[in-house]
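Written out below as structure tokens is the structure these notes cover.
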Amino acid sequence: MALSLLQNGKLPRLLSSELVEEVFSESENCKQFILDSRKGLDALGVYTLASKLPTLVHVFTPGASTPLSVKKLTNILSPILSDNGSNKRRLEAAVYAKFVKYIREVASGHRGDVTLNSILQFVTGADEEPILEPIQI
């Protein structure tokens with residue numbers, strides 16, 4: 001789980017909310033599984049970081065991710081365009097506008113089985129929103 005988090009990959013959300021709370025609590029009287037989980041997470045400093053930044057714990061909670069929206073997807077896939085006023089910028093902006101139009105069609109269900117998550121997976125290799133920072137395309 002720690003490697004997946006640090007590499008901005010898909011987190012395995014296999015622990016219940018109660019187990020996540022127990023793993024990240026300060027309690028010493030717990031099952032060996034919890035102690036081993038803490039040790040594994042702390043091998044890369046994630047447990048220590050979560051103890052200093054308690055809001056980090058929510059990424060391990062099942063159902064923590066919210067559904068992908070057009071706004072989120074366009075924010076994640078925000079382009080780096082050429083300089084203003086250049087012909088290249090005009091063409092890039094036209095292509096990006098068509099891409100955004102396509103994303104909106106997908107969100108409204110006009111593109112069959114294609115979903116926003118499948119677009120994200122095609123572009124990034126991950127079918128859920130990355131935890132760290134948006135990707136520049």
Side-chain angles (χ1 to χ4, degrees):
M1 288 191 294
L3 273 175
S4 185
L5 175 68
L6 293 176
Q7 293 177 351
N8 207 19
K10 187 172 183 175
L11 281 179
R13 291 190 174 97
L14 47 105
L15 301 177
S16 67
S17 299
E18 294 80 24
L19 280 176
V20 170
E21 286 180 34
E22 196 173 340
V23 167
F24 290 101
S25 71
E26 298 294 323
S27 173
E28 294 296 324
N29 300 333
C30 48
K31 301 173 190 163
Q32 188 62 40
F33 163 75
I34 300 297
L35 296 173
D36 291 342
S37 297
R38 288 179 188 167
K39 184 178 177 183
L41 288 168
D42 211 27
L44 296 173
V46 173
Y47 179 77
T48 302
L49 184 62
S51 66
K52 294 180 191 230
L53 299 169
T55 56
L56 180 65
V57 174
H58 88 279
V59 300
F60 295 98
T61 306
S65 62
T66 57
L68 196 57
S69 66
V70 172
K71 184 176 180 178
K72 277 186 183 180
L73 186 59
T74 54
N75 185 39
I76 292 168
L77 303 175
S78 60
I80 299 173
L81 302 176
S82 299
D83 295 331
N84 280 328
S86 67
N87 288 338
K88 191 174 181 181
R89 168 70 178 246
R90 185 177 50 82
L91 293 172
E92 291 169 346
V95 169
Y96 187 68
K98 289 186 185 293
F99 179 65
V100 171
K101 181 181 177 187
Y102 177 75
I103 289 173
R104 288 189 177 127
E105 288 176 2
V106 167
S108 63
H110 295 287
R111 290 296 178 158
D113 292 337
V114 179
T115 63
L116 294 178
N117 287 25
S118 61
I119 293 172
L120 182 65
Q121 186 169 15
F122 176 77
V123 175
T124 66
D127 65 345
E128 65 181 23
E129 181 181 0
I131 295 171
L132 297 177
E133 62 185 60
I135 299 163
Q136 298 293 317
I137 58 171

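Among residues two or more places apart in sequence or in another chain, the side chain to side chain contact (heavy atoms under 4.5 Å, CB included) test is passed with Thr74 by Val70, Tyr96, Val100, Ile103. When the side chain to side chain donor-acceptor pair (under 3.5 Å) test is applied to Thr115, the partners found at least two apart in sequence or on another chain are Ser118. Applying the side chain to side chain donor-acceptor pair (under 3.5 Å) rule to Arg104 yields no partners; only residues at least two apart in sequence or on another chain are considered. Residues forming a side chain to side chain contact (heavy atoms under 4.5 Å, CB included) with Ser25 (at least two apart in sequence, or on another chain): Ser27, Arg38. Here Arg89 pairs with Asn84 under the side chain to side chain donor-acceptor pair (under 3.5 Å) rule; sequence neighbours left out. With sequence neighbours left out, Glu18 forms a side chain to side chain contact (heavy atoms under 4.5 Å, CB included) with Ser16. Applying the side chain to side chain contact (heavy atoms under 4.5 Å, CB included) test to Glu28 and every residue at least two apart in sequence or in another chain returns nothing. Listed by chain and number, the residues in a side chain to side chain donor-acceptor pair (under 3.5 Å) with Asn87 amount to none (sequence neighbours excluded). When the salt bridge (charged side-chain N to carboxylate O under 4.0 Å, His left out) test is applied to Glu92, no partner is found at least two apart in sequence or on another chain. Arg111 pairs by the salt bridge (charged side-chain N to carboxylate O under 4.0 Å, His left out) definition with Glu105, not counting sequence neighbours.
When all heavy atoms of Tyr47 and Val23 are compared, the pair lying nearest together is CE1-O, 3.1 Å. In plain terms, the two heavy atoms of Ser69 and Leu116 that are nearest each other are C-CD1, 3.7 Å. Considering every non-hydrogen atom in both Gly40 and Ala2, the closest pair reads O-CB, 4.3 Å. Closest non-hydrogen pair, Lys72 versus Pro67, comes out as NZ-O, 3.7 Å.
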For this session: For Phe24 and Leu56, run side-chain contact (heavy atoms from CB on, under 4.5 Å): C-alpha distance rounded to whole Å, both residues' side-chain angles, the deciding distance at 0.1 Å, then the answer.
Result: CA-CA 10 Å; Phe24 290 101; Leu56 180 65; over 6 Å; no

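Sorted by first then second residue, the salt bridge (Lys or Arg N to Asp or Glu O under 4.0 Å) pairs that include residues 73-84, not counting sequence neighbours, number zero. Under the salt bridge (Lys or Arg N to Asp or Glu O under 4.0 Å) criterion, no residue pair touches residues 40-61, with sequence neighbours excluded.
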